[in-house]
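Worksheet: one structure, shown below.
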Amino acid sequence: MLNDCIEYSTYQDGTRTGTTVKHKDKGYWGVHLIDTATSNSGFLMWHPTKSESWVEDIAENFCFGMINQDGSIPND
């Protein structure tokens, strides 16, 4: 993934994968969301004031289809 990150956990459902990461130098948490059905490299969101469990929830919710790859909420 990124050279400046440490991967912590990965959630997957079908073509959707959410990976929680921690920045090596700055110590803040992030989540990388990718749907392999698309032709892009995914979306990395940093959450410097949040916890590991916060980004794990985002990764899991992405895999359940509750969050789009760009971090937005799907329209019904």
Side-chain angles (χ1 to χ4, degrees):
M1 187 176 291
L2 299 174
N3 292 334
D4 56 350
C5 300
I6 300 169
E7 292 184 25
Y8 274 79
S9 57
T10 300
Y11 298 82
Q12 187 171 13
D13 187 22
T15 61
R16 290 175 166 245
T17 302
T19 303
T20 61
V21 296
K22 190 171 187 180
H23 196 279
K24 287 181 181 177
D25 298 328
K26 298 180 179 166
Y28 47 69
W29 291 98
V31 61
H32 183 257
L33 307 175
I34 188 166
D35 187 342
T36 56
T38 65
S39 61
N40 61 40
S41 60
F43 182 70
L44 178 62
M45 293 189 293
W46 290 111
H47 296 279
T49 63
K50 303 299 184 184
S51 65
E52 180 179 8
S53 63
W54 177 272
V55 294
E56 286 176 339
D57 286 347
I58 293 171
E60 188 174 32
N61 288 338
F62 170 70
C63 291
F64 289 147
M66 299 167 59
I67 297 173
N68 292 324
Q69 185 171 296
D70 66 359
S72 65
I73 305 297
N75 295 328
D76 289 331

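For Ser9, the side chain to side chain donor-acceptor pair (under 3.5 Å) partners at least two apart in sequence or on another chain are Thr20. Shown here are the side chain to side chain donor-acceptor pair (under 3.5 Å) partners of His23, two or more places apart in sequence or in another chain: Asp4.
In this structure, Trp46 and Trp29 approach most closely via the heavy-atom pair CE3-O, 3.6 Å. Residues Met45 and Leu33 come closest through the heavy atom pair CE-CD1, 3.8 Å.
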Output side-chain donor-acceptor pairs under 3.5 Å for residues 52-61, partner residues at least two apart or in another chain, one line each.
residue	atom	partner	partner atom	Å
Ser53	OG	Ser51	OG	3.0
Asn61	ND2	Asp57	O	3.2

Enumerate, atom names and distances included, each donor-acceptor pair closer than 3.5 Å involving a side-chain atom of residues 63-72, sequence neighbours excluded.
residue	atom	partner	partner atom	Å
Asn68	ND2	Ser72	OG	2.9
Gln69	OE1	Asp35	N	2.6
Gln69	NE2	Asn40	OD1	2.5
Asp70	OD1	Ser72	N	2.9
Asp70	OD1	Ser72	OG	2.6

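Between the OG1 atom in Thr17 and the NE2 atom in His32 there is a gap of 9.5 Å [rounded to 0.5 Å].
Members clustered with Ile34: none, using a 4.5 Å side-chain heavy-atom cutoff among hydrophobic residues.
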